[in-house]
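Worksheet: the structure to be examined is printed underneath.
Residue numbering restarts at 1 for every chain, and letters A, B, ... go by the order of the sequence lines.
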Number of protein chains: 2
Amino acid sequence: MTAPTRLSWTDVRDEIRLRILNRTFAPGDKLPRDNDLAGEFGCARTTVHRAMQDLSRNGLVERRRKGGTHVRSDPVTRATFDIPITRLEVEQRGSKYGYQLISRATATTPTSVMRRFGIPHPDRMLHVKALHLADDQPYILEDRWIDTDTTPEILNVDLTRDSANEWLVHNKPYSRVEVQFSAINADKETAEHMAVKTGDALLVIERTTWVESNPITTVLSITAPGYHVSARN
Amino acid sequence: MTAPTRLSWTDVRDEIRLRILNRTFAPGDKLPRDNDLAGEFGCARTTVHRAMQDLSRNGLVERRRKGGTHVRSDPVTRATFDIPITRLEVEQRGSKYGYQLISRATATTPTSVMRRFGIPHPDRMLHVKALHLADDQPYILEDRWIDTDTTPEILNVDLTRDSANEWLVHNKPYSRVEVQFSAINADKETAEHMAVKTGDALLVIERTTWVESNPITTVLSITAPGYHVSARN
DNA sequence: AAGTGGTCTAGACCACCTT
DNA sequence: AGGTGGTCTAGACCACTTG
C-alpha cells in the first residue's frame, strides 16, 4: 500500500483548475468554501487559500469575502513580462552594447508628460534623448523626462558616458510602474536616428515610474524593427 | 500612549523596500535572514516570508535557499497586463461590438505556427481569420490556429456567429499562455481589412495557449491604429 | 448579523543549495 | 553537512461584504 503523500498547494491548485477544465466547476459557479475543500483534500485551509490566490492572480477565479469564490465567466488573459536594463539585454543577445547621448536639457513638461505622471501642473524636469546600440546598429531610441525634485542627483551624472536608464535602475528603485505598448510609423527624425526608412513600423514602450506617488521618470522607448516583448503567465 | 498595532506583511514589505531605497540595503547586499528580520520586527517568520515573496516577485530582490536574500543589482521592470475578451473590451469603451468571419479552413500548420506551439512536426489544425469591429470600424484582425486534437468541439461551432475568441475563452481555460508584442507595417491585404493605408504601423499581439503542454490555440491579433496595451506592477 | 476570505502566529519539517 | 528559504499545520482573530 502506498502511503498517502502530503498535498502541496500546487497540487491543490492543479486539481481545482482541472475541475474547472472538467466543468465540474463551470463558469460562473460558486466554488465550495476554502474550509470545505480543505476538508475534502485533507489539508489545512491555508493550503487551499494559497492555491486559490494563485488561480485568482491568474484571472481564472474571483474571490470576495462573504461572497465566496466564483469561476470567472469572462476570464482574461493575464501575463507578466520583464524589461531588463537595455545594456544587459543587448549583451545577453551576444551583441556589443553602445550608447550615445543625443540631447540633455532642463525644460517644462509638455502636457503628454503631465498626463503620464498624472500631475495637474507643468513642472521643470530634465529632458534627455539618447540612443542605445547593438553591434553599432540603433537598438532603442529613448526620450526621457526625469523629475529633478525626487531625483536631483541626476543633474550631476555625466550622461554622455552613462545612460540615464542604467543610472536610474541602479540608483532609484521605484515602487510603482506603468508600461504601455503601442506602434508608430517612424517620422523623419526618428528614421534618421534609427537608420530606418521614414514610415517603418516601430514598437514603442512607454514606461513611467513613481516612488510612493512621487514621479521619478517617464521614458518613451522607440525600438528597432523586429524588436518584440515576450510575456507569460 | 499608542498601542503598538500589529504589523501586516505589506508593512514589512514597505519597510524593507524603504531600506533598499535608503541604501540601508544597497544593491548586491545580502539581507538578514527572514528569521532575524522577524525578530527585529516582532512578527512571525511567515510574515517576513510573504513580504520577501512580493519583493522577489517584483524583481527587487533575489532569494536562494542557503544563499539567502540579496538586493538585485540589476533590477528589471516587471509588470502585468490583462487582455480581456475582445467583445467586452469594445463594449467597455462604450462602443458597439461587431464581428465578421473572413475565412475558416482546416490546413497544415506552417512553420511559424509550429514554432509558436513548440511542436516539431506539422499538424492539421483549424485556421480562422476574423475581424472584430468597434462602432462598425475595424478594431482587431485575428489570424488564429486551433488544435483540433485538444479542442475538437470547435469544429461544430458556428464561427460566422460567434468568434473563436469568445468561444475559446468561455469553453477552454488554459494552463499556460505566452504573449508577444511587436509592430508591423500593414500590407495590402491587412490595410484593406483594417481600413488603413498600406504601410501604417499597427501593434501586433501574438498569443499562444496550452493545457498542460498540449497546444490549444495561437492567435495573431493585428490591432487598429492607436491601440495600446497597458500594464503595471 | 453572519458568513467568507484574508492574515497572523508558532512550530515543525522539507528541499535545495552553497560551502 | 549545514544553513537558508519553502511549505504545511492548527488555531485564532480580523475585515469585508452581502443577505
Closest approach to the side chain of [X], judged atom by atom: which nucleotide of [options] is it?
{"X": "K66(B)", "options": "dT4(C), dG2(D), dT9(C)", "answer": "dG2(D)"}
{"X": "T46(A)", "options": "dA10(D), dT18(C), dA10(C)", "answer": "dA10(D)"}
{"X": "A44(A)", "options": "dT9(C), dA10(D), dG5(C)", "answer": "dA10(D)"}

Residue-phosphate contact under 4.0 Å: [X] side-chain N/O, [N] OP1/OP2:
{"X": "R63(B)", "N": "dT4(D)", "result": "no"}
{"X": "R33(A)", "N": "dT4(C)", "result": "yes"}
{"X": "H49(A)", "N": "dG6(C)", "result": "yes"}
{"X": "R64(B)", "N": "dT18(C)", "result": "yes"}

*asked:* Between the base of dT7(C) and the side chain of R45(A), is there a donor and acceptor pair under 3.5 angstrom?
replied: yes
_Nearest-angstrom distance from the residue atom CD of Q53(B) to C1' of dT7(C)_ = 16 Å
*asked:* Distance check needed: dG5(C) C1' versus I16(A) CD1, whole Å only.
replied: 14 Å
*May I ask you to say what T47(A) touches in the nucleic acid, namely base, sugar-phosphate or nothing, with a heavy-atom cut-off under 4.0 Å?*
sugar-phosphate
_Parallel, tilted or perpendicular: rings of F117(A) and W210(A) (30°, 60°)_ = perpendicular
_Which label fits F81(B) and F181(B): parallel for a plane angle under 30°, tilted from 30 to 60°, or perpendicular past 60°?_
perpendicular
*Would the Y139(B) and H132(B) ring centres measure less than 6.0 Å apart?*
no
*Would you mind telling me which residue lines up with the more 5' stretch of DNA chain D, R65(A) or M52(B), judged by nearest nucleotide?*
M52(B)
*For DNA chain D, whose closest nucleotide is more 5', that of G67(A) or that of R50(A)?*
R50(A)
